[in-house]
Amino acid sequence: MASDDEAGPELLESEDEGESGAESFLTEDELAYQEGLDPAEDYDDQQEGQEEPCTSGEEDASNSAYPEEDRSSLTATTGQKRKRSPHPAVSAKSWKTEKDPDFCPVPNRFIPARPPGHQLNSNNKHTPLDLFKLFFSNDAILTLCQNTNKQAAKNIAKGKKYPWTDLDIPEFLNYMGLTFFFSLVKLDNICDYWKKNTIFSVPFPADVMPQDRYQAISWNIHVSDPEKDVENNRQKGTSQYDHLFQLKPLMDTIRHACKAFYHPRQNLLIDERTMVRKNYTGSIKKMAAKPNKCSFKLFVLSDSSSGYILDFAVYTGKSQFESGTGLAYNSIMTLIKSAYLGSGYNLFLDHFYTSPKLFKDLLSLNIGACGTYRDNRRGCPTTQSNALKKKDPKGTLRWIREDPVVFVKWKDSREVSICSTVHQAFSGYTVERRVKSENGKPTIKSIPCPTPVMEYNKYMGGAEDLLGQLTQYYSVHHKTSCWYRILFLHFLDIAATNSFLLHKELCREKHEEPLTHRAFLEELTSQLCGVTVAVPPTKGSSGHLPVPISNQPDSSKRPSYGRRTCVQCRLMKKEYQSTPWKCKECDVALCLIADRNCFEAWHN
């Protein structure tokens, strides 16, 4: 997987006049969101006298139940105090152990709205380009071309100095093909792909389009109609203003296609991504621990079994607070639509989204949920009666059921807090961990593991890794100062990733071996650029042919007339053999008889 600090190619752009619709004033609520907190759901720091969460100096790389951002948040406290509700009175319930029986909730009946899997005709042949065009149709590309041409005309009228000819669909396909090529063949700067006369030259991009043309398209690429942008900008500061207006035409097309051509299997997950407008490093990062007013978030709903992106929502700032239920709750309910999905699904979440209110409301839609949670999240048990202690050994387990939610705490390398509406607290699972024996030496030991932790690791941990690999390793992102161009590049990633996953589904159905992710992107790149991946062999010049030295019309004189000394014999053998044949291209006399083929020797 590409490292976070691996930079993509840099594209020098003209001055960006658009202000990011994703930027908003840094209110206290938004500072909380940047730190992974939700003021509508989280209380202030835990009340004094309450025992601190148990921690350990040991780290275990296998603890995928709490990814890095979860683990750091379990014990960290924020440096800035915010005005949130205090804790309620401590619950009178006591934590139970694995020896106490817990019932298993009745499984939700899985009734998907459509048969799970791809929604394509398996009898048809689907090339990588055919699958990609499900998300970037010719109509969508035509709209992009028209709006980009309008934006270019607008910029030139303002005094921008670069030549421009109207962009059409074939050229825009070439442009996207080169963008994918840059993700497969990584260089530091865009201009490096057009270098000439060095051992590091890459000849292909110059064969597709000139560097100036590629950069001019990148500077002017525009999703919405520039004329309508002006009307929308007049509404700034009012409820009619659409923060995502410059994305809407393409974003709506991509979201509709994601849902139209695939239906998920039973287990789903919510992932979050933060993209930074300036000083972008070329890879999608997790939520930043520090506020950055030039960043914005995407909330992504995915199929846990395949990593297919089903839907996504872009966070646009202050307007999200108006409902009073908080960003975490709103983002989930925006993406979970029973009319599209059906019922009986299980949703896996991290601590930012998890809350008892959300889980109960999801269950009313016949959708189960499982996720890590914060101790200061509203509605979570706060009692310390029989709670985990700092010195409890690995494998210690505590749980409380407040029907329909079971809350579980488990001691691994550190305390893990998780809750679920679809699992019982403990059903006999064990995991192997390294622990210290009586003599102080580390040994491998089987310890009890709660059922929600096992299921969370199975459906959330592995799926997040898969999704990250698919969307980051060959990401098309490069440095750009324009917020909607960053998201345009991310839409390319989503379309390419989902196209590849549809390809795998189709091949699995036909019992065929699918292409690897890289091979699929290589085929897609070549088809967008109108070429083939395989380079045809270089053909020899047709001029190197044996021809008579003399065009003597008298056939009786042809064997002897115009004969010349064979150059190959004279140079290599120091012999003077005469021949009536020469090379048409080289214009040198060469022997061409059965026992002396100097013509072949000369050209080798």
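- Residues Val405 and Leu363 are not in side-chain contact: their nearest non-hydrogen atoms beyond the backbone lie 4.5 Å or more apart.
- Using modelled atom types, one side-chain atom of Thr421 and one backbone atom of Ala369 make a donor-acceptor pair closer than 3.5 Å.
- In this structure, CZ in Phe407 is found 10.5 Å from OG in Ser417, a value given to the nearest 0.5 Å.
- Each of Thr148, Asp229, Asn155 was compared with His222 under the side chain to side chain donor-acceptor pair (under 3.5 Å) criterion, and only Asp229 meets it.
- Proximity of a side-chain donor or acceptor of Arg374 to a complementary backbone N or O of Thr354 within less than 3.5 Å is not detected.
- Between atom CD1 of residue Ile367 and atom CG of residue Asn108 there is a gap of 9.0 Å, rounded to the nearest 0.5 Å.
- For the pair Gln266 (side chain) and Gly344 (backbone), a donor-acceptor distance under 3.5 Å is present.
- Counting heavy atoms from C-beta outward, Pro205 and Phe181 have side chains that approach closer than 4.5 Å.
- The shortest heavy-atom contact between Ile141 and Met176 is CD1-CE, 3.8 Å.
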Q.
Go through it in stages, so that I can follow the logic: the residues are Leu528 and Leu129, the test is side-chain contact (heavy atoms from CB on, under 4.5 Å), and I'd like the CA-CA distance, side-chain angles, deciding distance and then a yes or no.
A. CA-CA 7 Å; Leu528 286 168; Leu129 182 57; 3.4 Å; yes
Q | Criterion side-chain hydrogen bond (donor to acceptor under 3.5 Å, both in side chains) on Asp303 and Ser305, from CA distance to verdict | A | CA-CA 6 Å; Asp303 183 340; Ser305 65; 2.9 Å; yes
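- To the nearest 0.5 angstrom, Met251 atom CE is 11.0 Å from Ser224 atom OG.
- Rounded to the nearest 0.5 Å, atoms CG (Leu134) and CG (Leu120) are 6.0 Å apart.
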Q. Is there a side-chain contact (heavy atoms from CB on, under 4.5 Å) between Ile111 and Ser343 once you walk through the steps?
A. CA-CA 5 Å; Ile111 309 176; Ser343 62; 3.8 Å; yes
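- Between Asp361 atom CG and Leu365 atom CG the span is 7.5 Å, to the nearest 0.5 Å.
- The ring pair (Phe, Tyr, Trp, His ring centres under 6.0 Å) search around Tyr329 returns none, not counting sequence neighbours.
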Q. What's the verdict on side-chain contact (heavy atoms from CB on, under 4.5 Å) for Lys133 and Leu173, showing C-alpha distance, side-chain angles and the deciding distance?
A. CA-CA 10 Å; Lys133 281 192 171 183; Leu173 291 175; 4.1 Å; yes
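- Residues Ile336 and Tyr345 form no side-chain contact, since every pair of their non-hydrogen atoms from C-beta on lies 4.5 Å or further apart.
- Two residues are said to be in side-chain contact when any heavy atoms from C-beta on lie closer than 4.5 Å; His256 and Asp252 fail this criterion.
- Classification of the Trp194-Phe182 ring pair by plane angle, with boundaries at 30° and 60°, yields perpendicular.
- Checking each of Phe500, Phe261, Tyr262 against Tyr308 for a ring pair (Phe, Tyr, Trp, His ring centres under 6.0 Å) leaves exactly one that passes, namely Tyr262.
- Nearest heavy atoms, Ala216 versus Tyr162: CB-CD1, 4.5 Å.
- Annotation for Met333 and Lys337: closest pair O-NZ, 3.6 Å, computed over non-hydrogen atoms.
- Across all non-hydrogen atoms, the minimal contact from Asn220 to Ala152 is OD1-CA, 3.2 Å.
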Q: Apply ring pair (Phe, Tyr, Trp, His ring centres under 6.0 Å) to the pair Phe132 and Phe180, showing each step before the final yes or no.
A: CA-CA 12 Å; Phe132 181 78; Phe180 283 115; 5.7 Å; yes
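- Between Lys360 and Pro404 the shortest side-chain heavy-atom distance falls below 4.5 Å.
- The main-chain N or O of Ile169 is never found under 3.5 Å from a side-chain atom of Glu171 such that the two would form a donor-acceptor pair.
- Counting heavy atoms from C-beta outward, Tyr459 and Asn346 have side chains that stay 4.5 Å or more apart.
- Although no hydrogens or angles enter the test, the distance criterion places a donor-acceptor pair under 3.5 Å between the side chain of Arg485 and the main chain of Trp219.
- Of the residues Ile332, Asp271, Leu268, the one that meets the side chain to side chain contact (heavy atoms under 4.5 Å, CB included) test with Leu349 is Ile332.
- Atom OH of Tyr373 is separated from atom NE2 of His351 by 13.5 Å, given to the nearest 0.5 angstrom.
- Side-chain contact annotation: Tyr175 with Ser218, donor-acceptor N/O pair under 3.5 Å present.
- Shortest non-hydrogen contact noted between Thr334 and Ala313 is CG2-CB, 4.4 Å.
- Although no hydrogens or angles enter the test, the distance criterion places no donor-acceptor pair under 3.5 Å between the side chain of Arg213 and the main chain of Pro163.
- At least one donor-acceptor pair under 3.5 Å links the side chain of Tyr193 to the backbone N or O of Val185.
- The closest side-chain heavy-atom distance from Pro112 to His263 is below 4.5 Å.
- The nearest pair of heavy atoms linking Gly307 to Leu501 is C-CD1, 3.6 Å.
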Q.
side-chain contact (heavy atoms from CB on, under 4.5 Å) for Asn232 and Tyr241? Distances and angles first, verdict last.
A. CA-CA 6 Å; Asn232 183 61; Tyr241 177 67; 3.3 Å; yes
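- Looking at Asn498, its side chain does come within 3.5 Å of a backbone N or O of Ile309 through a donor-acceptor pair.
- Contact of the Tyr456 side chain with the Asp350 side chain is registered, since non-hydrogen atoms from C-beta on lie closer than 4.5 Å.
- Under a cut-off of 6.0 angstrom, the local environment of NZ in Lys248 is crowded, with over 12 non-hydrogen atoms contributed by other residues, nucleotides or ligands.
- Applying the ring pair (Phe, Tyr, Trp, His ring centres under 6.0 Å) test between Phe491 and each of Tyr484, Phe312, Phe136, Phe135 identifies Phe312 as the sole match.
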